[in-house]
2 protein chains.
Amino acid sequence: MPATMSDVARAAGVSVMTVSNVLTGRKRVGEDTRRRVLAAVDDLGYELNLTARHLRAGRTNTVALVVPRFDHAYFGELAARLARRLEASGRHLVVEQSGASREGELKALTLARLHLYDGVLLSVVGMTPDDVARLRTTVPVVLLGEQDMPDRFDQVRMDNVEGARLATAHLLATGSRRVAAVGGSRSGRGMTYLRTLGWRRAHEEAGLMADDALVLPAGQSDLADGREAVRRLVAAGAPFDGVFAFTDTLATGVLAGLAEAGLRVPDDVQVVGFDNLDASEFLVPALTTVDPGHDAMTDHALRLLDRLIERAPGTDPGTAVEPEHVTGPVSLAVRGTTRHTA
Amino acid sequence: MPATMSDVARAAGVSVMTVSNVLTGRKRVGEDTRRRVLAAVDDLGYELNLTARHLRAGRTNTVALVVPRFDHAYFGELAARLARRLEASGRHLVVEQSGASREGELKALTLARLHLYDGVLLSVVGMTPDDVARLRTTVPVVLLGEQDMPDRFDQVRMDNVEGARLATAHLLATGSRRVAAVGGSRSGRGMTYLRTLGWRRAHEEAGLMADDALVLPAGQSDLADGREAVRRLVAAGAPFDGVFAFTDTLATGVLAGLAEAGLRVPDDVQVVGFDNLDASEFLVPALTTVDPGHDAMTDHALRLLDRLIERAPGTDPGTAVEPEHVTGPVSLAVRGTTRHTA
DNA sequence: CCATCGTGGTGTATCGATAAACCGCGCTGG
DNA sequence: CCAGCGCGGTTTATCGATACACCACGATGG
């Protein structure tokens, strides 16, 4: 039975409102009364109930980040960056998991869990643009999706096609001729499709033919999938001298697979990843990878979210801000898994 | 202006309570009325306000995990495991970050409490036993700390000393004679101290002398710290033929440092980590590491938390459950960074 | 033939904090 | 001499959902 505000009020011989005022400092309170209240608070071990405050005030100073999975390094780093920024503005980040499934994401959204937060950053993976379009929520939401989502929402994306093109072009420019696309897929609209597109485009630009047999899909376990992809390539006897792995985690698995197969990196096979995770620089050899401009994306996401949150009080549909779709700048971090020349 | 329950009630021509009953299914409602209500809900795009429900019900079906940092693989994996278990019992996990500092942990705990989570799993790092002892909380809390905390709280720990002893003993048994302790510290009570203790103990048991000069502290950035430790060892010209890194992340950095220095693993230098992260198996060579019995720890933590949550309604101090301190079983996952024989 | 029960609903108090209105009181200025 | 005001509070209404008591009405049973 936690102490409530009126317990404190009674103990201090004042009204609840006075206790509230002392605690929030929103109104002047006599020094004497103030001390009595604080003493009572201390005495009863009282703690403010944020739920109640939220109900009344409509603000939580808390932003949620909904990610597909807790155990993906990319999202961990994303969360850390966001938390740092939010902390600076006196706010708070909590992370929730959607389970990387369409159902999970929908549940995370419709379950009205959203109302617990001032705003939500939603990493869309499983949901289709249609699902998103159907969302009826009044809570400020910014999508961190990979694919292009309906205009109704703000969205921050990576430039998947360009990043993939950069990665593949670099492999081709440094001498690789048969570049596998690990994590790719020939259909859909998601990240995998877009990066496959970039991979294809780089081939075209180099006047080369992309071989669809080198497109290897990934499943749920990136590390194992990356290794498995190499195993399959080797088993199939398909010649390959380069790998564009669609995430750094997949690339890590790929490196393991190559080592297992006795293939040297970058001498026999060059490898490029995507994400530029903290750990990638420390792999042996250090991973060449696409840097999706983390900081720029973080900045954009928070700017868009704040814009929505500011507007919230009025919520005048007339003055509705025009949703923005921004795309981060990509670049290539060249390291040890690729050669410097052909 | 989001639609409220009474908006729905008005639209459907029923009372608020009936709407509530339809939505929660807690009471029987006539099929006809039910349909009208659902239609109105759909029509107005109504979303349940969890904040209000929580305020009234006093339950959230949500458990919070407070970790030092979002961007540490260990905590990501921990969160994923916990979420999986909680999901199975119809509950929900949210993750918060404390910033690895004493203040951060205290603040996070306060916030967590205020948010009316049903329970909190707190990864203690910065707080001292004294801080913990001072905590006055009515919310179910289970500590996931490294060091031993006051009896008043349930706590799940790794067997740090034994794990470190195992790791070091393995290095010594397979021929290493000068084993660096990367991430170690000669004082304090925390994880670093305990693992240093295990490192020392293994030496004693082998009748060898542990050299304090081989204890290298780590800072905030494990990956860089691991690499830096090797650089320092090499620069100092201190001979060493084994490394016990206090986390797998440090070990990853160590491997990078060794590669940079042209030292072969495991031929010139053997390496053992601690944590058995998912990625560790995929490093090249695959990392030998201490497995802290993740599943057992998860099970224990949730069992203890549930016990506290069950008891919560009554909260009779007389029937208070006796707090438990459990320690997970550690074992060694032997892989490629160590040899099989001396 | 009346007491009892089940069905499908309604009314009201309540969770804890807070915004806004209000209220004595002593002081000041015109 | 009185309107006006700053100070230090108190009262009241409210946020949105839900627990609980209650009620009308028809069916059931002994």
Side-chain angles (χ1 to χ4, degrees), chain A residues 1-38 40-41 44-61 111-116 118 138-139 312-313 315, chain B residues 1-38 40-41 44-61 110-111 113-118 138-139 312-313:
Chain A
M1 51 194 113
T4 135
M5 206 167 209
S6 66
D7 293 339
V8 174
R10 197 173 318 119
V14 297
S15 75
V16 239
M17 204 47 226
T18 299
V19 178
S20 172
N21 287 331
V22 168
L23 264 35
T24 64
R26 242 183 283 280
K27 273 183 86 176
R28 314 191 42 76
V29 174
E31 184 54 26
D32 181 40
T33 326
R34 219 180 73 86
R35 248 194 285 275
R36 280 216 319 285
V37 168
L38 290 179
V41 164
L44 300 176
Y46 167 76
E47 277 177 2
L48 220 131
N49 183 329
L50 264 199
T51 303
R53 167 185 285 183
H54 178 207
L55 179 61
R56 187 79 240 285
R59 284 254 176 154
T60 55
N61 281 326
L111 210 60
R113 207 151 245 306
L114 307 190
H115 285 295
L116 298 175
D118 288 347
T138 53
V139 177
T315 317
Chain B
M1 52 191 110
T4 134
M5 206 166 213
S6 65
D7 294 339
V8 175
R10 198 171 319 116
V14 296
S15 75
V16 239
M17 206 46 230
T18 300
V19 178
S20 172
N21 287 331
V22 168
L23 264 34
T24 64
R26 243 184 282 282
K27 272 184 90 175
R28 312 193 43 77
V29 174
E31 184 54 26
D32 182 42
T33 326
R34 217 178 75 85
R35 248 192 287 274
R36 281 213 322 282
V37 168
L38 290 179
V41 164
L44 301 176
Y46 168 75
E47 279 171 13
L48 196 77
N49 184 329
L50 280 189
T51 304
R53 168 184 283 183
H54 293 167
L55 179 60
R56 188 81 240 285
R59 281 256 176 151
T60 57
N61 280 326
T110 305
L111 276 168
R113 228 174 322 183
L114 307 185
H115 270 301
L116 218 58
Y117 293 127
D118 288 347
T138 53
V139 173

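Lettering follows sequence order; numbering is per chain, from 1.
- Between the side chain of A:Thr60 and the backbone N or O of A:Asp118, at least one donor-acceptor pair lies under 3.5 Å.
- Residues satisfying the side chain to side chain donor-acceptor pair (under 3.5 Å) criterion with A:Thr24, sequence neighbours excluded, are absent altogether.
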Sugar-phosphate means primed atoms, P, OP1 and OP2; the rest is base. With that split, encode nucleotides 9-21 of chain D 5' to 3' as B, S or - using protein heavy atoms under 4.0 Å.
BBB--BBBBBBBB

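- Applying the side chain to side chain donor-acceptor pair (under 3.5 Å) criterion to A:Arg28, with sequence neighbours excluded, gives no partner residue.
- Pairing each heavy atom of A:Ala12 with each of A:Ala40, the nearest pair is CB-CB, 4.0 Å.
- Summarising the geometry of B:Leu23 relative to B:Leu48, their closest heavy-atom pair is CD2-CD1, 4.3 Å, with the distance given to 0.1 Å.
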